[in-house]
Amino acid sequence: MATSIKELREVSISHMPHLKSLPSPRIKTDDDVEYWKTTQSYLDYGIFLRRLNESVVGHFLPWKPESHSQSVNRLLALLGELDRWIDEIPPLQTPQRFGNMAFRTWGQRLEERCDEILKRLLTPDFLAVLPFIRPYLLVSFGSFTRMDYGTGHETSFALFLLALTLVRFFQPVPEEERDLVLTVFLRYLRLCWRLQDIYKLEPAGSHGVWGLDDYCFLPYIFGSGQLRDQKEISVSSVLRPPLPPTNFYNLAIMRIFDVKHGPFHEHSSQLYSIASGVPNWAKVNSGLFKMYEAEVLGKRVVVQHIPLGGLLEWGPVIPGSGSSASLSSTMDPTIPVATTAAPWASAGGARQTMMPPPQ
């Protein structure tokens, strides 16, 4: 069942000199988190995520479009270059469980060469955008100080894609949005997994057994979106690995089986609760949007390092626009959507999943 999604606004390149500030961390307090929910950037991000989600419904991996746009090809080349740096900067032989110091060297290279690689990404007509997207790229791969990675860094990369779409470097049409998810985001995800493995990055702000995933969230949204309207693959199928790599949800679940040991219902109780208790993928998909808004975008410790401002305005939605800065508001207004966490996101619900699976 298709959902009516709002159009994404456009920011003219000629408007760049008039932007009041460059992106920087703005969220310092819980009150700032609540203020962010009233801003144009929050509304834009909600619309963008919904559009990406809708674009992949019924489309599976491996994704092989007839061709990529020049913009997609340029970003894939950028991500490929960052991946090659890992080979050039091998991990140091140190005994730490988390955080190999070589990651700081990788991050220092990114900081030093960021303008250079972004100039290769952007065509001449878009060079004015560079200072407004640079902060998002620098945050997208983890903290080079704490040597960790989590959902805030993942969100920063999604905001990087949003900023480039607002200026129409990427086009907000289903074909390109689908390519951003099934090609670009997949390439980003594999790069981040490699960074985590090679440099032993610590999970940032992990809730451990009570969280959805130690490192990521968006693959579960996009994967449940891919599966949303079909009936052949049940939600409970994820409890029977190995899973075919045909969607992001399966990829993320199999990633957990690769890096964690022990019973799934013990180390991933939230995901077990979803698989054993949610009847269909449509409810999983809508529930994950609610959970993302509450447990990722609504948590100061997650979003406090995300840069805001510039293209992603740190200011309220224009009065009288008829819009509310909420992920829920980006859906068809006739569909009721709660603004709380998903049903399985409560501590009580999570504790119930600690019971072993039925024999």
Side-chain angles (χ1 to χ4, degrees), residues 8-49 75 78 82 103-104 106-119 121-122 126-167 169-170 188 192 204-205 217-218 292-293 296-318 325 327:
L8 189 67
R9 70 187 180 98
E10 180 177 2
V11 179
S12 171
I13 297 294
S14 63
H15 185 60
M16 297 290 101
H18 304 291
L19 293 177
K20 295 180 180 179
S21 62
L22 293 175
S24 63
R26 305 296 182 98
I27 297 175
K28 311 293 185 184
T29 67
D30 290 341
D31 287 341
D32 292 337
V33 175
E34 295 307 308
Y35 177 77
W36 185 34
K37 294 178 181 180
T38 72
T39 65
Q40 185 66 51
S41 61
Y42 196 87
L43 176 62
D44 288 339
Y45 186 49
I47 293 172
F48 185 60
L49 276 189
L75 184 49
L78 183 155
L82 300 186
F103 182 57
R104 290 183 176 169
W106 189 95
Q108 182 179 4
R109 181 183 289 191
L110 178 61
E111 291 170 348
E112 293 171 348
R113 301 187 185 179
C114 194
D115 285 359
E116 173 189 333
I117 64 175
L118 285 176
K119 286 177 182 177
L121 170 70
L122 300 168
F126 288 93
L127 285 178
V129 177
L130 191 154
F132 298 99
I133 62 173
R134 184 181 191 272
Y136 296 102
L137 189 67
L138 289 175
V139 177
S140 293
F141 304 99
S143 168
F144 308 131
T145 301
R146 299 183 305 278
M147 292 187 289
D148 62 12
Y149 176 91
T151 52
H153 304 106
E154 175 188 64
T155 296
S156 187
F157 184 73
L159 292 171
F160 173 75
L161 298 179
L162 166 60
L164 287 170
T165 305
L166 289 176
V167 298
F169 181 77
F170 297 120
Y188 163 79
C192 289
F217 201 111
L218 293 179
Y292 184 71
E293 186 167 22
V296 177
L297 303 185
K299 292 291 191 279
R300 177 185 55 81
V301 294
V302 176
V303 298
Q304 62 186 346
H305 305 294
I306 293 175
L308 294 166
L311 285 168
L312 303 183
E313 298 173 18
W314 183 249
V317 175
I318 299 172
L327 295 196

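Starting from 1, each residue takes its place in the sequence as its number. What you see is a predicted model, and the numbers here were worked out from it, not measured in a lab.
In this structure, the side chains of Val303 and Thr155 stay at 4.5 Å or more apart for every pair of heavy atoms. Within the 4.5 Å cutoff, no side-chain heavy atoms of Asp44 are placed close to those of Leu311. Between Phe48 and Leu161 the shortest side-chain heavy-atom distance falls below 4.5 Å. Looking at Val167 and Met16, their side chains come closer than 4.5 Å, going by heavy atoms from C-beta outward. Side-chain contact between Tyr35 and Asp31 is absent, with no heavy atoms from C-beta onward closer than 4.5 Å.
If you take CD1 on Ile117 and CG on Leu122, they are separated by 10.5 Å, rounding to the nearest 0.5 Å. Atom CG of Leu78 sits about 6.0 Å away from atom CG of Leu75, to the nearest 0.5 Å. Here the straight-line distance linking atom OG of Ser140 with atom CD1 of Ile306 works out to 9.5 Å at 0.5 Å rounding. Within the model, atoms CG of Leu118 and CZ of Phe126 stand 14.0 Å from one another, a figure rounded to the nearest 0.5 Å. Between Leu159 atom CG and Ser41 atom OG the span is 8.0 Å, to the nearest 0.5 Å. For the atom pair OH of Tyr188 and CG of Leu82, the computed distance is 11.0 Å after rounding to the nearest 0.5 Å.
Residues passing the ring-ring contact (aromatic ring centres under 6.0 Å, His included) test with His153, sequence neighbours excluded: Tyr149. Under the side-chain hydrogen bond (donor to acceptor under 3.5 Å, both in side chains) criterion, Arg104 pairs with no residue at all, not counting sequence neighbours. Remark: Gln304 engages Arg300 in a side-chain hydrogen bond (donor to acceptor under 3.5 Å, both in side chains) (not counting sequence neighbours). A search for ring-ring contact (aromatic ring centres under 6.0 Å, His included) contacts involving Phe170 returns nothing, not counting sequence neighbours.
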Full working for salt bridge (charged side-chain N to carboxylate O under 4.0 Å, His left out) between Lys37 and Glu34: CA-CA 5 Å; Lys37 294 178 181 180; Glu34 295 307 308; 3.6 Å; yes
Working for side chain to side chain donor-acceptor pair (under 3.5 Å), residues Arg26 and Ser21: CA-CA 11 Å; Arg26 305 296 182 98; Ser21 62; 2.8 Å; yes
side-chain contact (heavy atoms from CB on, under 4.5 Å) evaluation trace for Ile27 with Trp314: CA-CA 10 Å; Ile27 297 175; Trp314 183 249; 4.0 Å; yes
Derivation and outcome, side-chain contact (heavy atoms from CB on, under 4.5 Å), residues Leu166 and Leu312: CA-CA 9 Å; Leu166 289 176; Leu312 303 183; 3.6 Å; yes
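The salt bridge (Lys or Arg N to Asp or Glu O under 4.0 Å) analysis of residues 305-314, with sequence neighbours excluded, yields the pairs Arg9-Glu313.
The nearest pair of heavy atoms linking Val33 to Leu297 is CG1-O, 3.8 Å.
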Can you give each donor-acceptor pair under 3.5 Å made by side-chain atoms of residues 127-137, sequence neighbours left out, with the distance rounded to 0.1 Å?
| residue | atom | partner | partner atom | Å |
| --- | --- | --- | --- | --- |
| Arg134 | NE | Asp115 | OD1 | 2.8 |
| Arg134 | NH2 | Glu111 | O | 3.1 |
| Tyr136 | OH | Pro307 | O | 2.9 |

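Ring geometry for Phe141 against Trp106 counts as perpendicular: the plane angle is over 60°, on a 0 to 90° scale with 30° as the lower cut. Taking the six-membered ring for Trp and thresholds of 30 and 60 degrees, Tyr42 and Trp36 have ring planes more than 60 degrees apart, a perpendicular arrangement. Phe217 and Tyr292 have tilted rings, their planes meeting at an angle from 30° to 60° on a 0 to 90° scale.
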